[in-house]
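Chain identifiers are assigned alphabetically (A, B, ...) following the order of the sequence lines, protein sequences preceding nucleic acid strands; residue numbering begins at 1 within each chain. As a basis for the values below, the full set of heavy atoms in this structure was taken, side chains included, without hydrogen atoms, waters or symmetry mates.
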Number of protein chains: 2
Amino acid sequence: MAKEVVEKDEASVDVLPPRNPARTGLMTASPDWSDDENGGLNPRDYVSSLARGLEVLRAFNRTRRKMTLSEVAAETGNTRAGARRILLTLVHEGYAVADGKLFDLTPQVLELGYSVLSSKGAWDIARPFIDHLSSELRESVSAAVLDRFDVVYVSGAQYHRVISVGITVGARFPAHCTATGRVLLAAQAPEMWPGMLQHIPLTRMTEHTVTDPTEFRRVLEQVRDQGWSLVDQELETGLMSIAVPLHNPSGGLVGAINVGIPTVRMSAATAIEYVLPKLQETVLNIRESLKR
Amino acid sequence: MAKEVVEKDEASVDVLPPRNPARTGLMTASPDWSDDENGGLNPRDYVSSLARGLEVLRAFNRTRRKMTLSEVAAETGNTRAGARRILLTLVHEGYAVADGKLFDLTPQVLELGYSVLSSKGAWDIARPFIDHLSSELRESVSAAVLDRFDVVYVSGAQYHRVISVGITVGARFPAHCTATGRVLLAAQAPEMWPGMLQHIPLTRMTEHTVTDPTEFRRVLEQVRDQGWSLVDQELETGLMSIAVPLHNPSGGLVGAINVGIPTVRMSAATAIEYVLPKLQETVLNIRESLKR
DNA sequence: CACAAGAGTGCGTTATGTGAACAATAGCAC
DNA sequence: GTGCTATTGTTCACATAACGCACTCTTGTG
């Protein structure tokens with residue numbers, strides 16, 4: 001008995017979990033997809049209590065709220081005693097509340113990640129343009145950034161008709177099968193491509209998802225060369241999305257903006273003909289605004 | 001900025017770190033309005049490493065991104081060695097990246113607080129109604145929940161005219177001078193009122209802000225009795241806001257929804273006559289939807 | 001009332017924080 | 001440029017705080 005099967009990431013219990021290596025001495029910049037996926041981290045440079053605590057917070061996100069101590073322990077691979085200490089700490093610091101035996105997060109946890117959403121103010125500036133594009137096209141528009149192999153939505157305007165494409169801020173999807181994701185992946189520096197292409201899991205999401213590495217590489221090359229991406233039902237059946245990258249005035253990649261369109265409403269050809277120019281115009285306008 | 005000596009609390013070597021380790025002490029944690037302000041927490045029940053780590057994450061939010069190790073140490077009241085271990089842990093877990101000597105958070109931190117935004121799906125359901133109200137009124141509409149004495153915005157639709165009221169999801173404002181805040185405070189159980197009224201800091205934000213406790217109590221009573229709140233330029237000059245509470249079908253308080261209106265565009269009387277009914281209708285519709 | 005499941009506790013062992021020393025930079029005066 | 005100093009990043013040793021384990025206590029169920 002004792003320990004349940006923790007089927008998620010098995011590494012949760014002793015030795016250093018694998019992730020970004022960060023060697024001592026030279027610091028690795030930007031999510032490195034290079035091949036040194038070791039875990040070679042000096043034990044002195046690691047605080048496992050912190051990692052465990054963060055894992056508890058994530059557990060609440062996975063399971064969607066309200067768990068007992070034991071559930072948290074099982075979910076995170078902790079002992080009950082350990083989970084209890086962590087939960088009480090979170091309560092003490094105001095990140096969680098204990099309601100009887102059920103623990104729950106408070107809105108204070110937003111303080112932990114909020115800066116990413118409001119960062120640099122670039123998205124604040126982009127916001128009106130996104131809204132405007134949304135009402136003009138009468139479709140949902142959103143902005144996303146890349147986090148490893150996921151896209152994370154940082155802003156968005158939903159346009160609601162009968163069918164609507166709903167994306168919440170903070171949502172996360174695999175990059176390989178989303179238009180924003182492909183635009184962002186394609187915009188990575190050339191030297192990143194090998195590692196990226198080697199490590200990215202081309203998970204099949206629908207019958208249309210591109211899962212062949214060679215084909216995926218070709219797709220990415222095309223996206224890079226044409227400067228936009230259209231993805232037709234590779235993430236979700238019935239959903240088409242078209243995206244372009246957003247660069248700041250100095251040329252740096254800020255993120256990507258996409259329009260999500262239910263396939264019943266428009267063909268891919270129509271989207272390219274009608275939506276794409278407006279999307280491109282929008283990012284140009286945003287970029288212009290960022291100058292000031 | 002803030003590069004002073006880090007004198008910490010000298011006796012830090014034993015039991016229970018005080019409430020907020022960070023000297024800068026904005027935003028103290030721990031959600032007890034009641035008077036049990038003991039701090040009486042068994043050392044066994046507290047993981048200070050976790051609290052330190054979370055404090056580092058918050059430091060990034062306060063200062064808005066990119067800090068060196070030493071800056072983080074100073075900002076959080078840690079030693080450089082300790083800050084380093086925490087930062088390297090965050091990097092290892094993917095929450096941060098080290099770019100040369102500058103550390104920065106990644107979008108992965110959103111995973112920590114995301115569940116609050118997407119919780120229970122109540123806000124997902126409310127979302128279309130909020131959007132609809134926004135386009136109908138041609139004003140920005142948002143939804144918020146209470147976190148101690150702050151309101152935190154969890155959803156919103158911005159309507160952009162020349163002047164627009166811009167609120168980002170995750171934003172946080174003092175509850176006492178916002179319409180949503182007053183609605184939520186007023187909806188607290190009667191036995192909470194004394195502690196609440198005693199502890200809430202009635203910070204002056206504009207010349208209109210109600211800062212007198214007695215008057216504030218009267219205001220709150222009125223809000224409770226009438227079931228809505230209109231706040232005229234008490235948070236920000238030129239901004240008026242009107243809010244109503246949102247209850248779920250079983251009567252529990254879910255949050256509040258408000259319409260923000262630039263004062264140049266409408267008088268308070270007009271807002272009450274014209275906006276309030278639509279707002280009330282909207283929450284009724286949302287509540288109806290939540291039943292299913 | 002017995003039983004099971006979960007919550008809380010004491011203790012030996014391990015991992016972590018601290019402060020100080022050391023190393024590498026960055027400024028800065030010249 | 002050279003040499004100086006102030007600042008920041010890194011390492012180390014040791015005191016101690018946090019861990020898991022095994023245990024007890026509480027609560028809810030038949």
Side-chain angles (χ1 to χ4, degrees), chain A residues 1-4 6 12-17 22-29 40-56 66-92 96 98-103, chain B residues 1-17 21-22 40-56 66-92 96 98-103:
Chain A
M1 44 125 49
K3 190 127 315 147
E4 295 300 81
V6 181
S12 46
V13 216
D14 46 51
V15 219
L16 306 199
R23 298 219 103 92
T24 41
L26 58 148
M27 308 196 148
T28 119
L41 182 56
N42 193 319
R44 174 176 57 252
D45 299 334
Y46 192 75
V47 185
S48 64
S49 323
L50 174 56
R52 269 194 290 261
L54 295 175
E55 181 55 31
V56 167
K66 294 231 172 185
M67 289 193 280
T68 65
L69 193 158
S70 299
E71 283 173 323
V72 171
E75 187 70 28
T76 58
N78 271 293
T79 60
R80 287 202 313 280
R84 179 170 180 271
R85 277 190 288 255
I86 290 170
L87 285 169
L88 291 178
T89 303
L90 292 175
V91 169
H92 187 260
D99 174 21
K101 323 207 124 177
L102 287 175
F103 289 85
Chain B
M1 58 134 90
K3 193 68 60 70
E4 316 115 310
V5 191
V6 182
E7 81 276 6
K8 277 199 56 102
D9 26 4
E10 61 296 333
S12 63
V13 239
D14 47 39
V15 226
L16 289 230
L41 183 54
N42 194 314
R44 172 179 59 255
D45 300 334
Y46 192 77
V47 185
S48 66
S49 327
L50 175 55
R52 286 163 202 285
L54 295 176
E55 180 54 32
V56 168
K66 295 232 174 186
M67 289 192 280
T68 64
L69 190 157
S70 298
E71 283 172 326
V72 171
E75 188 70 29
T76 58
N78 272 294
T79 60
R80 291 199 309 279
R84 180 170 180 270
R85 287 156 57 103
I86 291 170
L87 285 170
L88 290 179
T89 303
L90 291 174
V91 169
H92 188 262
D99 175 21
K101 325 203 123 176
L102 287 174
F103 288 84

Would you kindly give the [atom1]-to-[atom2] distance between [X] and [N], to the nearest whole Å?
X	N	atom1	atom2	value
A:Y46	D:dC19	OH	P	13 Å
A:L88	C:dA7	CG	C1'	11 Å
B:L50	D:dC19	CG	P	9 Å
B:R85	D:dT10	CZ	C1'	13 Å
A:D45	D:dT11	CG	C1'	9 Å
B:L102	D:dG9	CG	C1'	13 Å
B:L87	D:dT10	CG	C1'	14 Å
A:F103	C:dA7	CZ	P	8 Å

For C:dA7, does either OP1 or OP2 sit under 4.0 Å from a side-chain N or O belonging to A:R84?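 Negative; the distance criterion is not met.
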
Would you say A:S49 places a side-chain N or O within less than 4.0 Å of OP1 or OP2 belonging to D:dC19? yes

Per the side chain to side chain contact (heavy atoms under 4.5 Å, CB included) rule, which among B:E75, B:R80, B:R84 passes with B:S70? B:R80

Name all residues meeting the salt bridge (charged side-chain N to carboxylate O under 4.0 Å, His left out) criterion together with A:K101; count only those two or more places apart in sequence or in a different chain, and write none if there are none.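 A:K101: no salt bridge (charged side-chain N to carboxylate O under 4.0 Å, His left out) contacts found.
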
Could you tell me the separation between the OH atom of B:Y46 and the CG atom of A:L90, rounded to the nearest 0.5 Å? 9.5 Å

Note: for A:A83 and B:T68 on DNA chain D, the residue whose nearest nucleotide lies more 5' is B:T68

Is it true that a side-chain atom of A:T89 and a backbone atom of B:V47 form a donor plus acceptor pair closer than 3.5 Å?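 Yes, the answer is positive, given that a donor and an acceptor are paired below the 3.5 Å cut-off.
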
Return the minimal non-hydrogen interatomic distance between [X] and [Y], and the atom names on each side.
X	Y	answer
B:E55	B:T76	O-CG2, 3.8 Å
B:E71	B:K66	OE1-O, 4.2 Å
A:L69	A:L87	CA-CD1, 4.0 Å

Kindly indicate whether the side chain of B:R80 and the base of D:dG9 share any N or O donor-acceptor pair separated by less than 3.5 Å? yes

Nearest to side-chain heavy atoms of B:S70, which nucleotide of C:dA7, C:dT16, D:dT8: D:dT8

Between D:dG20, D:dA18, C:dT18, which one does the side chain of B:S48 approach most closely? D:dA18

Terminal axis angle for the helix from C:dC1-D:dG30 to C:dC30-D:dG1, five pairs an end, nearest 10 degrees: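 What I find for the helix from C:dC1-D:dG30 to C:dC30-D:dG1 is an axis angle of 50°.
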
Taking for each residue the nucleotide of DNA chain C with the nearest heavy atom, is it A:A81 or B:G82 whose nucleotide lies nearer the 5' end?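 Upstream on the strand: A:A81.
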
